[in-house]
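Structure record follows, encoded as structure tokens.
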Amino acid sequence: MKRRKLKKGIALLLCFAFLLSLAACGNEKKELSGKRLGSIFDFFNDPVEPSTEPTTGSTEAHTGDQIVDPPVIDPPVTDPNQYADTENEELNKIFDEYFAEYVSESIITYRDYVKDGSNFGVQPPVVNDWGSAGTTAETLEEDKKHQQEWIDRLEAIDVNTLTEQQRFDYDYLLESLKSSMVAYENINLGSAFSPLRGIQSEAPTIFTDFIFREEGDVHIYLDLMDTFPAYVDECLKTEQEHVDAGYGLEDCVIDEIIKQCDDFLTYQGEHFLVTTFNDSMDELDFLTDTAREGYKTQNREAVKNSIIPAYQKIKESFTGWKGKNKIKGGLCNYEDHGSEIYEYVLREYSGSSMTPKEMKAYLEKKEQELTKEMQSLYMTDPQGYQYYVQNEKTLFDYLNDKSATEIVDYLMQNAMDEFPDIGEIKYQALNLDKSLEDIRESTLAYYSLPPIDDPDGNLIRVNGKHKDDMWVTLAHEGCPGHMYQTCYYRKTNPNKIRLLGLNLGYMEGWAVYSSYESLKKCDFNGSQYASTLAELTKLEQSLGYLYHGIIDIGINYEGWTLDDLKSYLRSKGLNESAADQLYYIFVGDPGVYLSYAESYFEIQDLRDYAETELGSKFNVVDFHKAVLDAGPCKFDQLKKCVDKYILETK
């Protein structure tokens, strides 16, 4: 799950700028979707025997460092804050104004968040375009000044006049806005064309997932088609400035961007943006036949004259930029405080308050714990363990003849008894267009949030190219993962300001955690080893996430080279042939995988902590309710909510 971003100014240009979805500094396309990263073995095929060769390089990552204990979770304390009994109306006014400004910044942002803006006192933008991607010194200064104005207004509020929930929402927004200011000083440390979240990767699904509710939506769609080249030109102009300053992307990252463009530009017959649009038009019963055919013609011309030339220009530009970057490797190699910036990146993607060094130690300790758990399973159920080893790649093949809808429905009916009941969830589960399967190669599936006032518009997209592991994938994207968490939180009637932000650490952490919990309900096609298979699936995939996290920190904070990465993989008994692919991913999108790699362990630790504190009084449904009621937030805030739950239960 991820929310696609195509936002004006600095937010657009920082590959780690998802937090800036909260910043009032431009126009953005937001959609919840994401990379449901599978086990490490999805990347590292054919594991080899652990290497005994000494590792090399200047990093700390694999030189036998002593693993220090990570920060411990302190026991709950009574909150010393005094809260008001009635809400502060000035703060509510700020929330309302911020929401209205943010949602109306572009037609894309507007459509993502609201179906009918009049329900929220929000007017749609006048122009149906992508907004501005310009990042001149003047526009950046204006955006920064406006951002500071929001911060100043919030800081002028007397926090002692806030109710408990208002204080939580206030802290959430103020911390996010302050944190995002870091990006304004580091405009060069990112790109609008990153491999996982760049324009060239995201634009196709913006078009193919476009919802047509009335004829006016068709006009908006065609306007976006027509204005796409100008938007790309602005982004390329800024990218050229980065290249000229020596901050261009590394060649391995450029090669992936070029490949994505080639995948988009390679087609037989009509382009998929023509065929998918035609299919959509044929389903709209509010169009006349004449209008339908006219729109099809307009779209075909727009694809030919606007979209395809824009992708060709992206490819040509990046081809010309190969070999021109002056700085190799991860963020820490950038002279403009790269390591300090990575600390910001780490917090925003993981939601954790740990430093990179602390997080690496934390993950290494988790690795030891998971390995011991695997050893324990081998001792207690050796037959089940051997069955897993022999059949790991085919455990879920019995689901291959099931549709995504059938699997999600089964999960909703059979794997939700440990989660609060919220009634029926309406949704669609559809396959990606065949032409998108290669373009979105690393995407197994994603969940798209509907507008706030369209609770039944839930959509799960599945990459039909990937059939393996669909239980965990659809539990992650559907129920009890992203779709369930989103629907649950919206039903709590939160302040709408909380529905703008995107704390990926919480959201991906929950989706990973809950999908593992759902495995308890999987019988693995009636296997006598079902409980062992469920536990080993969780442990193996957890190790996969964990290794991704350590590698991310190694490359972007400790300065691992490609050779260092290969050495690390050998030291773990993994095939180093995956190193090239992994390297461009972590260099091109620093921090992204931390949303999965570390955040799951944070939520599992909170559960272990609550169980220890409450003993026999612990109830798993109540714990899940406490986490879900909190909504997406940083983990230090979530800890306060779990503390409150513990104190009230005791």
Side-chain angles (χ1 to χ4, degrees), residues 1 3 32 34 36 73 76 164-165 167-169 171-172 350-352 408 411-427 447 449-450 452 455 458 460 474-521 595-596 599-611 613-614 617-649:
M1 175 194 65
R3 227 183 234 278
L32 210 61
R36 212 290 297 161
I73 298 180
E164 184 174 5
Q165 186 60 55
R167 180 60 188 270
F168 192 94
D169 298 340
D171 289 343
Y172 168 91
S350 71
S352 173
V408 173
L411 287 163
M412 292 171 71
Q413 295 163 11
N414 297 280
M416 299 298 295
D417 58 329
E418 292 189 347
F419 302 91
D421 181 18
I422 60 170
E424 181 183 9
I425 298 176
K426 295 183 179 180
Y427 74 98
Y447 165 61
L449 263 77
I452 298 169
N458 300 287
I460 297 172
L474 291 172
H476 183 112
E477 303 299 343
C479 292
H482 290 314
M483 183 169 70
Y484 168 77
Q485 181 271 316
T486 298
C487 293
Y488 180 99
Y489 187 57
R490 288 188 174 186
K491 287 190 175 185
T492 66
N493 193 31
N495 189 305
K496 55 184 177 290
I497 207 74
R498 295 288 306 283
L499 302 176
L500 293 180
L502 185 58
N503 281 264
L504 288 181
Y506 172 102
M507 301 178 90
E508 296 301 347
W510 171 264
V512 174
Y513 163 84
S514 62
S515 67
Y516 291 165
E517 289 298 296
S518 77
L519 284 168
K520 297 175 183 177
K521 306 298 181 180
S595 305
Y596 309 81
S599 303
Y600 153 68
F601 296 109
E602 294 257 14
I603 291 183
Q604 183 62 56
D605 280 353
L606 283 174
R607 173 170 174 168
D608 295 342
Y609 157 64
E611 288 194 60
E613 290 291 326
L614 293 175
K617 291 186 176 180
F618 177 82
N619 178 281
V620 67
V621 176
D622 291 341
F623 169 76
H624 289 156
K625 184 178 186 303
V627 173
L628 291 163
D629 283 344
C633 59
K634 295 291 195 298
F635 285 113
D636 48 6
Q637 279 194 298
L638 183 59
K639 166 66 164 48
K640 294 178 181 178
C641 296
V642 173
D643 279 345
K644 181 180 178 182
Y645 148 71
I646 291 172
L647 290 170
E648 290 175 348
T649 304

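Sequential numbering from 1 along the given sequence is applied to the chain's residues. These numbers come from the heavy atoms of this one structure, side chains and all, not from hydrogens, waters or symmetry mates.
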When rounded to the nearest 0.5 angstrom, what is the spacing between [atom1] in [X] and [atom2] in [Y]?
X: Gln637; Y: Asn503; atom1: CD; atom2: CG; result: 8.0 Å
X: Ile452; Y: Leu499; atom1: CD1; atom2: CG; result: 4.5 Å
X: Ser515; Y: Leu474; atom1: OG; atom2: CG; result: 10.5 Å
X: Lys496; Y: Asp169; atom1: NZ; atom2: CG; result: 11.5 Å
X: Ile497; Y: Tyr172; atom1: CD1; atom2: OH; result: 9.0 Å
X: Tyr427; Y: Cys479; atom1: OH; atom2: SG; result: 8.0 Å

query = Run the side-chain contact (heavy atoms from CB on, under 4.5 Å) check on Thr492 and Arg498 step by step: do they pass?
reply = CA-CA 11 Å; Thr492 66; Arg498 295 288 306 283; over 6 Å; no

Residues [X] and [Y]: side-chain donor-acceptor under 3.5 angstrom:
X: Asp629; Y: Tyr645; result: no
X: Tyr609; Y: Asp643; result: yes
X: Ser352; Y: Glu602; result: yes

Which heavy-atom pair separates [X] from [Y] by the least distance, and what is that distance?
X: Ala630; Y: Leu638; answer: CB-CD1, 3.6 Å
X: Cys487; Y: Ile425; answer: SG-CG2, 3.8 Å
X: Cys633; Y: Phe168; answer: SG-CZ, 4.0 Å
X: Glu508; Y: His482; answer: OE1-NE2, 3.0 Å
X: Ala610; Y: Ile646; answer: CA-CD1, 3.9 Å
X: Gly505; Y: Ser599; answer: O-CB, 3.0 Å

Hey, can you tell me if Phe623 and Phe618 have their rings parallel, tilted or perpendicular (30° and 60° cut-offs)?
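Geometry flag for Phe618 against Phe623: tilted rings.
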
- Quick one: sort the His476 and Tyr596 rings into parallel, tilted or perpendicular, breaks at 30° and 60°.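 If you compare the ring of His476 with that of Tyr596, the planes turn out parallel.
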
Requested in this report: Given side-chain contact (heavy atoms from CB on, under 4.5 Å), test Leu606 with Val627 step by step and report yes or no.
Outcome: CA-CA 9 Å; Leu606 283 174; Val627 173; 5.6 Å; no

Handout entry: Intermediate values then yes/no, side-chain contact (heavy atoms from CB on, under 4.5 Å), Asp417 and Lys521
Key = CA-CA 10 Å; Asp417 58 329; Lys521 306 298 181 180; 3.0 Å; yes

Do Met416 and Leu411 touch side chain to side chain, with heavy atoms closer than 4.5 Å?
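With C-beta onward as the side chain, the pair stays apart.
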
**Asked** Heavy atoms, side chains only, cut-off 4.5 Å: are Pro632 and Gln485 in contact?
**Response**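 Yes, at least one pair of side-chain atoms sits under 4.5 Å.
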
Side-chain (Tyr484) to main-chain (Ala475) donor-acceptor, under 3.5 angstrom
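No.
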
Do any N or O atoms from the side chain of Trp510 and from the backbone of Ile603 form a donor-acceptor pair under 3.5 angstrom?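 The answer is no, because no donor-acceptor pair under 3.5 Å joins these two groups.
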
**OP:** Please say whether more than 12 non-hydrogen atoms of neighbouring residues, nucleotides or ligands are located less than 6.0 Å from NZ in Lys491.
**Re:**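 Yes, enclosed.
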
- prompt: In terms of side-chain geometry, is the basic nitrogen of Lys640 or Asp636 positioned less than 4.0 Å from the acidic oxygen of its partner?
  reply: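 Here Lys640 does not pair with Asp636 in a salt bridge, since their nearest N and O are not under 4.0 Å apart.
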
>> For Arg607 and Tyr513: C-alpha separation, side-chain torsions, deciding distance, then whether side-chain contact (heavy atoms from CB on, under 4.5 Å) applies.
In response: CA-CA 10 Å; Arg607 173 170 174 168; Tyr513 163 84; 2.8 Å; yes

Is the Tyr488 to Phe419 ring centre distance short of 6.0 Å?
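Aromatic pair excluded; centres sit 6.0 Å or further apart.
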
